[in-house]
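Following: one structure in structure tokens, then a few remarks.
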Amino acid sequence: MDYKSTLNLPTTGFAMKANLAQREPERLKRWQQLELYQKIRAQNQGRPLFVLHDGPPYANGEIHIGHAVNKVLKDTIIKAKTLSGYDAPYVPGWDCHGLPIELMVEKKVGKAGVKVSHKEFRKACRDYAAKQVELQKAAFIRLGVLGDWDKPYLTMDYLFEADIVRSLAQICRNEHISKGAKPVHWCTDCGSALAEAEVEYEDKHSPAIDVRFSVVDSDKFLAACQLQPGHQGQGPISVVIWTTTPWTLPANQGVALNADMDYVLVQCQHEGQPERLLLAHDLMKSAMLRFNIDEYHVLANCQGAELEHLLLQHPFYDRQVPIILGEHVTIEAGTGAVHTAPGHGQDDYVVGQRYGLPVDNPVGANGVFVPGTALFEGMHVFSANDKVIETLKERGKLLHHHALLHSYPHCWRHHTPIIFRATPQWFIAMDKNNLRAQALTEIKRVQWIPDWGQARIESMIVGRPDWCISRQRTWGVPITLFVHKQTGELHPETEQLIEQVALRIEQHGIDAWFELSADELLGHDAENYDKISDTLDVWFDSGVTHAAVLARRTGLRFPADLYLEGSDQHRGWFQSSLLASVAMHNVAPYQAVLTHGFTVDAKGEKMSKSKGNVIPPQSVMAKLGADVLRLWVASTDYRGEMRVSEEILERTSDGYRRLRNTARFLLSNLADFEPSQHLVSNDELVALDRFILDKAYQLQQDVIAAYEAYQFQTVFQKSPSFLRH
RNA sequence: GGGCCUGUAGCUCAGUUGGUUAGAGCGCACCCCUGAUAAGGGUGAGGUCGGCCGUUCAAAUCGGCCCAGGCCCA
């Protein structure tokens with residue numbers, strides 16, 4: 001006899017075994033064949049719009065687990081919003097220009113302008129980026145992320161490139177652009193700027209010198225040191241600086257001390273003459289030893305901060321330079337006083353900006369002092385070292401001189417020492433036309449999740465220097481400006497000219513600018529103008545996605561409802577997007593910004609290849625399935641660091657099985673349930689049923705509230721808890 | 001070195017304005033079931049709430065210092 005029909009056995013097509021690794025790809029294929037994303041778009045048309053704008057990952061390399069976290073969070077929100085009745089499109093994008101791609105391509109085809117033409121090089125970059133996009137796209141699809149994968153946005157699309165240029169034009173029109181100078185790594189053999197990655201450190205012999213900067217007003221100086229009357233010592237007073245680049249002294253504009261460091265004024269005799277020297281307390285002994293001075297005593301102690309703004313005499317030029325304060329001054333070497341040439345050093349530049357010091361650059365592209373440079377014109381910087389030392393000696397400013405072997409940046413191609421050299425650059429000026437203030441106003445209007453994001457980005461905006469948007473690179477969107485050769489002014493028709501260029505770029509991509517001859521647009525006037533050959537910082541590209549995507553595509557909207565990225569983007573994309581958008585439209589490009597933390601290992605430490613604690617998403621998907629990876633993301637509080645390990649994923653997998661089995665049990669029990677026949681009205685339900693229905697309703701409300709607040713870990717916590725009842 | 005953030009059972013998380021023996025799910029141990037079976041049920045163990053010092057009648061919760069870690073700078 002067959003008892004099977006007499007028993008209430010589970011009846012369901014819902015398999016017990018998930019077998020995710022095998023079955024997920026089949027399901028994804030079905031979604032694709034169904035054109036599921038497009039169907040959802042069509043069906044939800046007319047519903048309230050919810051725009052989550054995708055921040056473009058950089059198109060280089062396999063995705064790592066951080067990418068997975070980011071995309072899964074976005075996808076979860078998109079799907080939850082869709083279920084809540086919104087039209088929630090998702091247009092993924094990629095960041096395609098920039099140095100990392102150039103470097104990869106250089107390895108394959110050689111340097112632009114050397115082995116291949118710039119045009120061929122750009123073509124190779126475009127092809128390379130396209131391949132990387134496909135690679136990452138496949139991984140994102142495999143993750144189960146639903147979106148417009150057929151029509152993503154690429155910052156290298158011709159139309160996108162044209163819109164970048166148009167955005168620049170608008171920012172120009174709103175008068176936020178300024179031209180300035182900034183020190184960059186410079187190879188005098190290449191005659192060009194080098195990127196960070198093109199610099200290699202090698203040992204080099206340099207002359208190390210200690211130089212006197214005489215105090216201009218002794219009384220004022222002594223008062224600042226709070227020196228007791230009658231114990232003031234005697235002889236000239238100097239602040240002593242130590243440097244290994246004597247050739248940068250012609251560009252000196254200040255002497256930096258550390259505000260919190262202790263300094264001493266020392267009475268001593270040098271070559272028979274009494275004098276007083278200011279040195280860092282902790283470096284006094286080593287300095288005196290170096291100067292070969294045995295007898296000395298301390299006249300006064302003070303902190304660096306007390307000497308701020310006092311004036312010093314430049315050692316060989318007729319100018320006075322201020323004492324300034326900078327955190328970069330340390331007691332590692334030297335005297336505790338740092339000669340500052342804003343045109344020849346990064347730290348010097350930054351601190352110089354703070355004090356409004358001029359960015360003086362007397363050195364030409366070939367490393368030779370430009371005509372008009374007193375004492376040194378026509379000399380190459382490294383051979384000028386001797387002349388500088390000689391000059392200092394003549395004027396009694398040289399305290400000591402010795403040779404030093406140290407690690408020094410070199411050009412990776414020529415293996416010759418490089419210099420820092422200020423070159424003309426384009427900036428988005430933070431304080432021109434109210435940009436910083438308006439950005440800060442807009443920040444207050446935005447909802448920051450978690451809320452400390454606001455303080456974080458605020459302090460960054462308050463403190464940041466002007467945004468240098470120019471790069472001297474090949475694979476980037478050109479700064480399409482014409483500058484008057486004599487006056488340095490932009491062409492009066494700039495706005496209209498840029499639109500003409502943009503139209504050409506729409507047709508032929510960025511090559512259209514590089515191949516353009518100025519007289520095509522300017523006619524006879526071309527001879528009076530320089531056509532800028534700089535490219536834009538890639539952060540500018542991604543910073544204007546709101547213009548090139550949100551405002552451009554139908555079905556989207558500017559500003560977006562939500563931007564969602566890792567917390568590093570407070571300095572990156574959130575900031576570049578905010579500044580670009582405020583510079584263009586005076587408003588933030590987003591209503592809300594959500595950040596997630598970084599993935600770390602079981603011990604809470606950073607993942608790295610060398611530590612061997614990296615968890616590739618590909619292997620998780622292959623072993624446990626994308627849904628387990630997604631459930632891990634959903635179950636983790638993303639506000640802080642997110643821990644992942646084999647064990648954590650195993651636990652997640654356990655949780656997944658439990659959820660799955662419960663769903664199967666419910667489905668099988670409902671297999672023969674016909675609502676029209678079997679539905680029981682509320683007042684006929686037994687108390688236990690009413691109790692559980694109420695519980696279920698409460699849970700539902702909690703879950704909806706958790707989704708609204710983007711707190712997926714709450715959903716994950718509460719659901720199994722309920723299932724126990 | 002600076003700004004911001006994190007630190008509650010093996011794992012993931014709750015813990016409301018400071019107030020009784022600090023909770024949940026998973027895992028673990030033991031037991032039961034063996035027609036929901038790569039399942040299910042029951043019982044139980046497990047925590048110096050990162051550390052120290054304060055404020056308070058009372059601190060996981062408030063304040064200070066420190067430790068470990070993360071992001072961004074220097």
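Since this is a predicted model, take the numbers as computed values, not measurements. Reckoned from all heavy atoms, side chains included, excluding hydrogens, waters and symmetry mates. Lettering follows sequence order; numbering is per chain, from 1.
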Q | Atom CD of A:Gln591: over 12 foreign heavy atoms under 6.0 Å | A | yes

Q) Which part of the nucleic acid does A:Gly597 contact within heavy-atom distance under 4.0 Å: base, sugar-phosphate only, or nothing? A) nothing

**Q.** Sugar-phosphate only, base, or nothing, as touched by A:Arg571 at under 4.0 Å among non-hydrogen atoms
**A.** sugar-phosphate

Q: Answer yes if the side chains of A:Gln425 and A:Ser470 hold a donor-acceptor pair under 3.5 Å, and no otherwise.
A: yes

Q | Minimum-distance nucleotide to A:Ser459 side chain [options: B:rG3, B:rG70, B:rG10] | A | B:rG3

Q.
Output the rounded distance in Å from CD (A:Glu605) to P (B:rG7).
A. 17 Å

**Q.** Residues, nucleotides or ligands: over 12 heavy atoms within 6.0 Å of A:Lys603 NZ
**A.** no

(Q) Please compare A:Gly453 and A:Gln569 by the position of their nearest nucleotide in RNA chain B and report the one closer to 5'. (A) A:Gly453

Q. Starting at CZ of A:Arg456 and ending at C1' of B:rC72, how long is that distance when rounded to a whole Å?
A. 5 Å

**Q.** A:Thr245-A:His344 side chain donor-acceptor pair, cut-off 3.5 Å
**A.** no

Q. Would you say A:Arg658 reaches B:rC26's phosphate, i.e. side-chain N/O to OP1/OP2 under 4.0 Å?
A. yes

Q: Assign A:Glu641 to base, sugar-phosphate, or nothing according to its heavy-atom contacts below 4.0 angstrom with the strands shown.
A: base

Q) Around A:Tyr710, counting heavy atoms of other residues, nucleotides and ligands shown, do more than 12 lie under 6.0 Å from its OH? A) yes

**Q.** Euclidean distance, atom CG of residue A:Asp637 to atom C1' of B:rC5 [Å, nearest integer]
**A.** 12 Å

Q.
Looking only at side-chain N and O atoms, does A:Thr248 offer a donor or acceptor that is under 3.5 Å from a partner on A:His339?
A. yes

Q) Nearest to the side chain of A:Arg643 - B:rU12, B:rC11, B:rG70? A) B:rU12

**Q.** d(CZ, A:Arg464; C1', B:rG3) in whole Å
**A.** 16 Å

Q. Considering Watson-Crick and G-U wobble pairs with both distances under 3.5 Å, what does B:rA29 pair with?
A. B:rU43

Q. For B:rG1, what is the paired nucleotide under Watson-Crick or G-U wobble rules, both distances under 3.5 Å?
A. B:rC73

Q. Where the side chain of A:Thr636 is concerned, which of B:rU12, B:rC5, B:rC72 is the nearest nucleotide?
A. B:rU12

Q: Answer yes or no: does a side-chain N or O of A:Lys606 lie under 4.0 Å from OP1 or OP2 of B:rC71?
A: yes

Q) In whole angstrom, what separates A:Tyr638's OH from B:rU6's P? A) 14 Å

Please list, pair by pair, any protein nitrogen or oxygen found under 3.5 Å from a nitrogen or oxygen in nucleotides 44-48 of chain B.
none

Q) What nucleotide among B:rC5, B:rC26, B:rG70 has an atom nearest to a side-chain atom of A:Asp654? A) B:rC26

Q) Does the side chain of A:Trp573 pick up a donor-acceptor pair with the side chain of A:Asp95 at under 3.5 Å? A) no

Q) Parallel, tilted or perpendicular: which fits the ring planes of A:Phe712 and A:Tyr638, with parallel below 30° and perpendicular above 60°? A) tilted

**Q.** side-chain N/O A:Gln711 vs B:rA14 OP1/OP2, d < 4.0 Å
**A.** no

Q. A:Phe598 has a side chain; which of B:rA14, B:rG70, B:rC5 sits nearest to it?
A. B:rG70

Q: Would you kindly give the CG-to-P distance between A:Leu659 and B:rG25, to the nearest whole Å?
A: 14 Å

Q) Nearest of B:rC11, B:rC71, B:rG70 to any side-chain atom of A:Arg651? A) B:rC11

